Amino acid sequence: MPEISRRAFAGLVGGGAVTAVAGTAATAGAAENAPAERPFQARHAASSGRRPNILVILGDDLGWADLSSYGAPHIRTPHLDRLARQGVRFTDAYSGSATCSPTRFSLYTGRYPGRTPGGLAEPIGNRTQGLDPNHPTLASLLKKAGYATALIGKWHCGWLPDYSPTKSGWDEFFGNHGGVLEYFSKLGQLGDYDLYEGDATYEDLRYYTEVLTERAVEYVGRDHDRPWLLNLNFTTPHWPWLAEDDEETGAEIEARIRAAKTQAEVVAALNHYDGGSVEKYREMVESLDSAVGEVLAALRRSGQEENTLVLFASDNGGERYSYNWPLSGEKFVLLEGGIRVPTIVRWPARVDGHQVSHEPNFSPDWAATLLEIGGARPDPAYPLDGTSLAGYLLRGEELPERDLFWRVRANRALRRGDWKYYQDATKADHLYNLAADAREQADLAPDKPELLAELKASWEKTAGTLLPYPN
């Protein structure tokens with residue numbers, strides 16, 4: 001891996017994120033003399049008939065404004081900024097939930113997490129929970145349509161022996177089953193070693209981001225004889241707060257895990273509440289950016305760049321050291337900071353670059369989109385909750401009016417157009433106009449009781465179709 005730059009901390013002030021909200025290119029990422037972003041417009045070019053390769057890259061707990069192209073004044077992400085310039089940057093894209101595993105359920109199934117028992121865990125924390133291997137997934141459906149499929153990195157949809165990517169449609173798996181691990185020892189939240197190739201443990205004590213990057217570079221560089229889907233799920237910048245040169249701190253966390261007598265003590269060690277800093281977080285995000293840059297360079301060298309659709313996003317909002325301005329909230333809650341995430345799409349063969357889109361979308365939409373683009377049919381027994389964006393991206397069709405829906409134990413939220421209904425942990429209802437108030441400070445519930453009631457009723461109608469939370 002390239003050495004991470006040691007730029008001086010630039011301060012936590014600046015208006016980059018505000019311009020990003022407005023939909024103009026953030027100046028922090030505009031080092032190259034590139035045209036300014038323009039509002040998205042489909043190319044309307046005829047298709048070659050060739051289905052694209054699909055590379056889906058997830059950051060872990062990466063906040064909405066943690067990229068310089070989204071406004072971070074102190075984090076430099078040149079590779080992801082370049083990806084945004086070469087494609088479409090979405091300002092109003094959301095994760096399917098406010099924590100790791102429910103969002104992954106929604107991305108892999110195209111459905112609300114609450115459709116399946118495993119999706120009710122927020123997040124999954126033991127071996128009894130997971131994604132039912134009989135449930136169709138993005139991978140199993142694309143595989144049926146002729147794609148090779150692989151998942152590299154964080155799975156977090158259940159542990160062996162009952163759950164695994166290879167049981168849910170991915171031909172190949174190299175990564176960790178759990179939600180978190182120590183970056184060097186690979187000890188995870190259950191206290192045991194958690195790096196696997198297929199269903200067998202794989203020994204590698206190097207920095208995890210480097211290991212995953214190496215595997216992804218190898219995969220995209222192969223001589224593939226059919227289109228492929230690669231889900232590349234980094235754990236960066238999720239805690240513990242460790243960069244490439246932090247082996248000593250990693251060893252201290254490893255010792256605490258090995259000395260733990262309960263799983264709670266293991267998780268406490270990994271939570272790393274006595275560590276980290278804004279500067280350390282910057283190093284981790286820049287490490288993620290370098291890793292993505294290496295994978296994209298390998299894709300370019302392979303000659304597959306033109307007809308590979310790359311989707312980059314985060315699994316939920318940031319926390320602790322993340323930079324989310326001007327959004328409120330963070331991971332675990334359904335305020336904007338907990339669910340609005342950086343999202344970039346690049347497909348040179350079909351989509352022009354230097355574009356920005358303000359269309360609201362969320363994780364289930366991308367499952368529906370990738371299935372349509374890949375020529376795969378959803379299983380009618382498991383109807384999708386997501387709406388395909390393929391018509392919008394490729395043919396200039398308007399997206400239908402629809403609600404974006406979220407449910408977690410402590411919160412509820414629904415977005416319709418610019419309006420958002422939000423219920424907090426005290427069961428108080430709020431109404432925000434996100435176009436005017438992305439920070440969710442001006443509660444308009446008292447001024448618009450009829451609209452509040454309408455959105456609340458819509459939320460309750462959808463919630464009534466989901467599985468109840470277990471007591």
Side-chain angles (χ1 to χ4, degrees), residues 12 16-18 20-22 59-67 70-72 90-104 106-107 112-114 122-123 237-239 281 313-343 358-365 403-448 451-452 455-456 458-460 462-463 469:
L12 288 174
V18 177
V21 170
D60 198 352
D61 291 3
L62 182 73
W64 181 78
D66 278 336
L67 307 184
Y70 277 78
F90 289 85
T91 63
D92 290 47
Y94 295 87
S95 56
S97 189
T99 52
C100 304
S101 51
T103 290
R104 292 163 201 271
S106 69
L107 177 62
Y112 299 130
E122 296 172 351
H238 194 294
W239 39 263
Y281 186 80
S314 178
D315 62 346
N316 47 250
E319 64 157 319
R320 279 191 251 182
Y321 302 115
S322 181
Y323 182 75
N324 267 348
W325 181 263
L327 308 180
S328 293
E330 59 181 18
K331 178 183 177 180
F332 297 114
V333 301
L334 296 178
L335 289 167
E336 292 293 284
I339 51 176
R340 197 188 291 203
V341 293
T343 299
H358 310 301
E359 287 289 342
N361 62 81
F362 68 157
S363 302
D365 294 340
D403 296 337
L404 301 186
F405 169 96
W406 297 269
R407 183 191 72 166
V408 300
R409 280 182 179 269
N411 296 160
R412 55 169 69 175
L414 181 141
R415 177 168 177 171
R416 178 180 297 171
D418 292 333
W419 292 98
K420 181 177 175 181
Y421 160 59
Y422 172 71
Q423 185 183 90
D424 64 28
T426 71
K427 307 302 182 185
D429 292 328
H430 308 274
L431 181 67
Y432 302 109
N433 185 312
L434 296 177
D437 176 32
R439 193 160 174 76
E440 296 171 290
Q441 298 298 302
D443 185 4
L444 301 177
D447 301 333
K448 296 184 176 293
L451 178 58
L452 175 66
L455 297 184
K456 182 174 182 177
S458 181
W459 186 93
E460 291 175 341
T462 298
Y469 287 109

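Below, each value reflects all heavy atoms present in this structure, side chains not excepted, and no hydrogens, waters or symmetry copies. What you see is a predicted model; the values in this text were computed from it and never measured.
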Colleague: Taking only residues two or more places apart in sequence or in another chain, which ones pass side chain to side chain donor-acceptor pair (under 3.5 Å) with Thr343?
Modeller: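 For Thr343, no residue satisfies side chain to side chain donor-acceptor pair (under 3.5 Å) once neighbours in sequence are set aside.
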
Colleague: Would you say Lys448 and Trp419 make side-chain contact, with heavy atoms under 4.5 Å?
Modeller: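 Lys448 reaches Trp419 side chain to side chain.
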
Colleague: Got a second to check how far Arg412's CZ is from Asp429's CG, nearest 0.5 Å?
Modeller: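 Between Arg412 CZ and Asp429 CG, I get 6.5 Å after rounding to 0.5 Å.
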
Colleague: Roughly how far, to the nearest 0.5 Å, is the OG atom of Ser328 from the CZ atom of Arg340?
Modeller: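 Nearest 0.5 Å value for the CZ-OG distance: 11.0 Å.
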
Colleague: Apply side chain to side chain contact (heavy atoms under 4.5 Å, CB included) to residues Glu336 and Tyr422 and explain how you reach the verdict.
Modeller: CA-CA 10 Å; Glu336 292 293 284; Tyr422 172 71; over 6 Å; no

Colleague: What pair of heavy atoms forms the shortest contact from Arg407 to Tyr469, and how long is it?
Modeller: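 What the structure gives for the nearest pair is O-OH, 3.3 Å.
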
Colleague: Would you call the rings of Phe405 and Tyr112 parallel, tilted or perpendicular if under 30° counts as parallel and over 60° as perpendicular?
Modeller: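 If you compare the ring of Phe405 with that of Tyr112, the planes turn out tilted.
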
Colleague: Name the residue from Asp315, Asp61, Asn316, Asn324 that meets the side-chain hydrogen bond (donor to acceptor under 3.5 Å, both in side chains) definition with Lys331.
Modeller: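 Option passing the side-chain hydrogen bond (donor to acceptor under 3.5 Å, both in side chains) with Lys331: Asp61.
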
Colleague: Would you check if Trp64 and Pro326 make a side-chain contact, meaning some heavy-atom pair closer than 4.5 Å?
Modeller: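 A side-chain contact under 4.5 Å exists here.
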
Colleague: Before you tell me yes or no, could you show the steps for Tyr94 and Arg415 under side chain to side chain donor-acceptor pair (under 3.5 Å), namely the whole-Å CA-CA distance, both residues' side-chain angles and the distance that decides it to 0.1 Å?
Modeller: CA-CA 11 Å; Tyr94 295 87; Arg415 177 168 177 171; 2.7 Å; yes

Colleague: Given the rule in the side chain to side chain contact (heavy atoms under 4.5 Å, CB included) test, do Ser322 and Glu330 qualify, once you have shown the distances and angles that lead to the verdict?
Modeller: CA-CA 9 Å; Ser322 181; Glu330 59 181 18; over 6 Å; no

Colleague: Run the numbers on Thr99 and Val408 for side chain to side chain contact (heavy atoms under 4.5 Å, CB included), then give the verdict.
Modeller: CA-CA 9 Å; Thr99 52; Val408 300; 5.9 Å; no

Colleague: Return the minimal non-hydrogen interatomic distance between Thr103 and Ser97, and the atom names on each side.
Modeller: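 For Thr103 and Ser97, the tightest heavy-atom pair comes out as OG1-N, 2.9 Å.
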
Colleague: Can you tell me how far the CG atom of Leu451 sits from the CZ atom of Arg416, to the nearest 0.5 Å?
Modeller: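 The CZ atom of Arg416 is 7.5 Å from CG of Leu451, to the nearest 0.5 Å.
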
Colleague: Tell me the closest heavy-atom pair linking Pro360 and Leu404, and the distance in Å.
Modeller: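 Closest heavy-atom pair between Pro360 and Leu404: CB-CD1, 3.8 Å.
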
Colleague: Mind checking the CG-CG spacing from Asp403 to Leu455? Nearest 0.5 Å is all I need.
Modeller: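 Nearest 0.5 Å value for the CG-CG distance: 7.0 Å.
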
Colleague: Run Leu62 and Leu67 through side chain to side chain contact (heavy atoms under 4.5 Å, CB included) and show every step you take.
Modeller: CA-CA 9 Å; Leu62 182 73; Leu67 307 184; 4.0 Å; yes

Colleague: Can you tell me how far apart CG (Leu452) and OH (Tyr432) are? Round to the nearest 0.5 Å.
Modeller: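 So the gap between those two atoms works out to 11.0 Å.
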
Colleague: Say whether Asn361 and Asp92, considering side chains only, have a donor N or O and an acceptor N or O under 3.5 Å apart.
Modeller: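 There is no such pair between these side chains.
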
Colleague: Find the distance between CG (Asp60) and CZ (Arg104) and round it off to the nearest 0.5 Å.
Modeller: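 Rounded to the nearest 0.5 Å, the CG-CZ separation comes to 5.0 Å.
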
Colleague: Do Asp443 and Glu440 have side chains that get closer than 4.5 Å, going by heavy atoms?
Modeller: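 Not in contact.
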
Colleague: Between Glu122 and Arg409, is there a salt bridge with N-O shorter than 4.0 Å?
Modeller: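 Judged by the 4.0 Å cut-off on N to carboxylate O distance, Arg409 and Glu122 do not form a salt bridge.
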
Colleague: Please check this pair: side chain of Asp418 against backbone of Ala435, looking for a donor-acceptor N/O pair closer than 3.5 Å.
Modeller: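 No.
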
Colleague: Over 60° means perpendicular and under 30° means parallel, so classify the ring planes of Phe362 and Trp406, tilted if in between.
Modeller: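 Geometry flag for Phe362 against Trp406: perpendicular rings.
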
Colleague: Which heavy atom of Gly96 sits nearest to which heavy atom of Ser363, and what is that distance?
Modeller: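 What the structure gives for the nearest pair is N-OG, 2.9 Å.
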
Colleague: Val341 and Ser95: which non-hydrogen atoms are nearest, and at how many Å?
Modeller: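 Val341 and Ser95 have their closest heavy atoms at CG2-N, 3.8 Å.
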
Colleague: For Pro113, is there any backbone N or O sitting under 3.5 Å from a side-chain donor or acceptor partner on Ser106?
Modeller: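 Answer holds: no.
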
Colleague: Give the ring-plane orientation class for Tyr421 versus Trp459, where under 30° counts as parallel, over 60° as perpendicular and anything between as tilted.
Modeller: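 If you compare the ring of Tyr421 with that of Trp459, the planes turn out perpendicular.
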
